[in-house]
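What follows is a set of notes on a single structure, which appears directly below.
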Amino acid sequence: MICASEAQHDIAATLGIKTTRPVVPTWANHEYACAYIYPTGTIRLSVKQLRDKASTDRYFAETVARRGARQKLEGLGQYASTTDDDAVVVNKDDKVLVVDVQGLPARFGIPADTRANVAESVAATIMGCWTGA
């Protein structure tokens, strides 16, 4: 899903730039994660799988609160929010997606865009190919 070759291709098309290192997924504590490493920065993607809706809702709310809620987003999962550190957090079914762009410069991609917009674009790209999105 977030680290698969289809996602890598779609994210490269969205951002206009390819990674400089292989995208290597990890799985620990019910979290699937990977880093997209570029010449000038890194995007970290993770999906936490939880046991039920209540746990998922709680984890989403805690993650958004910890990062500083900025703005609710419509059309991504059941709930989505931008955060003060330019991340996007999405609640979908029993999973929570985090698009962390703190490792990017203030403007990134071809054409260059803000970190916040890059995070939203990547989240929309992931959710567009997420089965049942």
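Only this structure's heavy atoms are used, side chains among them; waters, hydrogens and symmetry mates stay out.
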Spacing of Asp94 atom CG and Asp52 atom CG [to the nearest 0.5 Å]: 9.0 Å
Quick check on side-chain hydrogen bond (donor to acceptor under 3.5 Å, both in side chains): which of Thr56, Asp57, Thr63 does Asn91 satisfy it with? Asp57
Ala7: which residues meet the side-chain contact (heavy atoms from CB on, under 4.5 Å) condition with it, sequence neighbours left out? Tyr36, Ile126
Ile37: hydrophobic cluster co-members (side-chain, 4.5 Å): none
Grab the two heavy atoms, one from Val88 and one from Ala123, that are nearest each other, plus how far apart they are. CG1-CB, 3.6 Å
Which pair of heavy atoms, one from Gln78 and one from Asp93, lies closest together, and at what distance? OE1-N, 2.6 Å
4.5 Å side-chain heavy-atom contact, Val89 and Leu97: no
Sorted by first residue and then second, give each disulfide bond (SG atoms under 2.5 Å apart) pair with at least one member in residues 69-127; sequence neighbours left out. none
Which residue pairs satisfy the side-chain hydrogen bond (donor to acceptor under 3.5 Å, both in side chains) criterion with at least one member in residues 4-22, sequence neighbours excluded? Thr14-Thr125
Quick test of your reading: applying disulfide bond (SG atoms under 2.5 Å apart), list the pairs with at least one residue in residues 44-108, sequence neighbours left out, ordered by first then second residue. none
Within residues 12-103 or reaching into it, pairs that qualify as disulfide bond (SG atoms under 2.5 Å apart) - sequence neighbours excluded: Cys3-Cys34
Which pairs count as disulfide bond (SG atoms under 2.5 Å apart) when at least one residue sits in residues 39-68, sequence neighbours excluded? none
Check the pair Val101, Thr42 against side-chain contact (heavy atoms from CB on, under 4.5 Å), reporting the backbone distance first and the verdict last. CA-CA 7 Å; Val101 293; Thr42 301; over 6 Å; no
What's the separation between atom CD1 in Ile2 and atom OG in Ser46, rounded to the nearest 0.5 Å? 6.0 Å
Side chain to side chain, Val98 and Leu45, heavy atoms closer than 4.5 Å: no
Applying side-chain contact (heavy atoms from CB on, under 4.5 Å), can you list everything that pairs with Glu62, at least two apart in sequence or on another chain? Arg58
Val96 side chain near Leu50 side chain, heavy-atom distance below 4.5 Å: yes
Nearest-0.5 Å distance, CZ of residue Arg66 to OH of residue Tyr59: 6.0 Å
Test Glu120 against every option in Val99, Leu76, Thr82 by the side-chain contact (heavy atoms from CB on, under 4.5 Å) rule and name the one that passes. Thr82
Pair listing, ring pair (Phe, Tyr, Trp, His ring centres under 6.0 Å) test, anchored in residues 70-119, at least two apart: Tyr38-Phe108, Phe60-Tyr79
Could you report the tightest heavy-atom contact between Asp100 and Ala87, atom names first, then the distance? CA-CB, 4.3 Å
Partner set under side chain to side chain donor-acceptor pair (under 3.5 Å) for Thr114, not counting sequence neighbours: Asn117
Pair listing, salt bridge (charged side-chain N to carboxylate O under 4.0 Å, His left out) test, anchored in residues 79-90, at least two apart: Arg67-Asp85, Arg70-Asp86, Asp86-Arg115
As a quick check of understanding, evaluate side-chain contact (heavy atoms from CB on, under 4.5 Å) for Met127 and Lys92, giving each step before the final call. CA-CA 9 Å; Met127 296 309 295; Lys92 172 76 170 117; 3.8 Å; yes
Find out whether Ile17 and Pro39 are in side-chain contact, i.e. whether some heavy atom of one side chain is under 4.5 Å from a heavy atom of the other. yes
Are any of the side-chain heavy atoms of Val118 and Leu104 separated by less than 4.5 Å? yes
Please tabulate, for the side chains in residues 22-32, all donor-acceptor contacts under 3.5 angstrom to protein atoms that are two or more places apart in sequence or on a different chain.
{"residue": "Thr26", "atom": "OG1", "partner": "Ala33", "partner atom": "O", "Å": "3.4"}

